[in-house]
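Handing you a structure now.
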Amino acid sequence: MLAGPTTFARRVVAVTRSIPRGRVATYGDVAVLAGRPGAARAVGNIMAHCEDPTIPCHRVIAAGGDLGGYTDLVRKKQQLAAEGVTFSGRRIRQFRELRWTGDTPATLRRRRPV
DNA sequence: ATTTTGACCGTGC
DNA sequence: CGCACGGCCAAAA
């Protein structure tokens, strides 16, 4: 078999792909969903490559609802805006509601209801 | 095998 | 609100 991305990297991409349109997830959230709590920084490293445009890497933001990094921040903002996400400077509005932490029966308990 | 690097995160000032 | 610091982790050097 050909050498490819590590298991971790692939899981990160899979999680990123699962983020619904118009919703966002922090690097830390993705790390948790990928099975490596605390690996937020490592997630950022992987996202930095993000060659494949079909991967919604613009939905991965920084903690607290901050826009976070991106190769082209202006574009990241535009892409999110195109999905209905609004901002207040670098801060995403309605972060509490838009945040997606994998709303599944298993993970729902981790977050408190709005 | 060891060191360096980064689209991070929480805390403190 | 902004900035520095230390801690974290996986990938690349």
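Every chain is numbered from 1, with letters handed out A, B, ... down the list of sequences.
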Exercise. What distance do A:T16 atom OG1 and A:R59 atom CZ have between them, rounded to the nearest 0.5 Å?
Worked result: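 Output value for this atom pair is 10.0 Å.
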Contact list please: residues 46-55 of chain A against DNA chain B, heavy atoms, distance less than 4.0 Å, in numerical order.
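Only A:M47, A:A48, A:C50 qualify.
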- Message: How many whole angstroms separate atom CZ of A:R10 from atom C1' of C:dA10?
- Response: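 To the nearest whole Å, that distance equals 15 Å.
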Using a 6.0 Å cut-off, check whether atom CZ of A:R90 has over 12 heavy atoms from anything other than its own residue.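 Yes.
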5' priority, DNA chain B, between A:G64 and A:G69 [closest heavy atom]: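 Its nearest nucleotide being more 5', the pick is A:G69.
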TODO: Quick one: pull up OH in A:Y27 and CG in A:N45 and give me the separation to the nearest 0.5 Å.
DONE: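 Here the interatomic distance stands at 10.5 Å.
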Rounded to whole angstroms, how far apart are CZ on A:R41 and P on C:dA12?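 To the nearest whole Å, that distance equals 16 Å.
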Next on the checklist: Here's a test for you: under side-chain contact (heavy atoms from CB on, under 4.5 Å), which of A:T71, A:V60, A:V13 qualifies with A:M47?
Outcome noted: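 Checked A:T71, A:V60, A:V13 against A:M47; only one passes side-chain contact (heavy atoms from CB on, under 4.5 Å): A:V60.
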| query | So what does A:A42 hit on the nucleic acid, given a heavy-atom distance under 4.0 Å: a base, only sugar-phosphate, or nothing? | reply |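 Touches a base.
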*Over how many whole Å does the gap from A:L67 atom CG to C:dC1 atom C1' extend?*
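To the nearest whole Å, that distance equals 17 Å.
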| query | So what does A:G68 hit on the nucleic acid, given a heavy-atom distance under 4.0 Å: a base, only sugar-phosphate, or nothing? | reply |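 Counting heavy atoms under 4.0 Å across all strands, no contact is made by A:G68.
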- Query: Going 5' to 3' on DNA chain B, which nucleotide is the first and which the last to come under 4.0 Å of a heavy atom in chain A?
  - Reply: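 Extent of the interface on DNA chain B: B:dG6 to B:dG10.
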Determine the sole option in A:V85, A:L80, A:D72 for which the side-chain contact (heavy atoms from CB on, under 4.5 Å) test with A:H58 is passed.
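Looking at A:V85, A:L80, A:D72, the match for A:H58 under the side-chain contact (heavy atoms from CB on, under 4.5 Å) is A:L80.
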From NZ (A:K77) to OG1 (A:T86), nearest 0.5 Å |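 OG1 of A:T86 is found 10.5 Å from NZ of A:K77.
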- prompt: Of all heavy-atom pairs between A:R17 and A:I55, which one has the smallest distance, and what is that distance?
  reply: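 Where A:R17 meets A:I55 most closely, the heavy atoms are NH2-CG1, 3.5 Å.
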- prompt: In whole angstrom, what separates A:F8's CZ from C:dC8's P?
  reply: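 The answer, rounded to whole Å, is 16 Å.
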Self-check item: Separation between CD1 of A:I61 and CZ of A:R91, rounded to the nearest 0.5 Å
Solution: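 One finds 8.5 Å between CD1 of A:I61 and CZ of A:R91.
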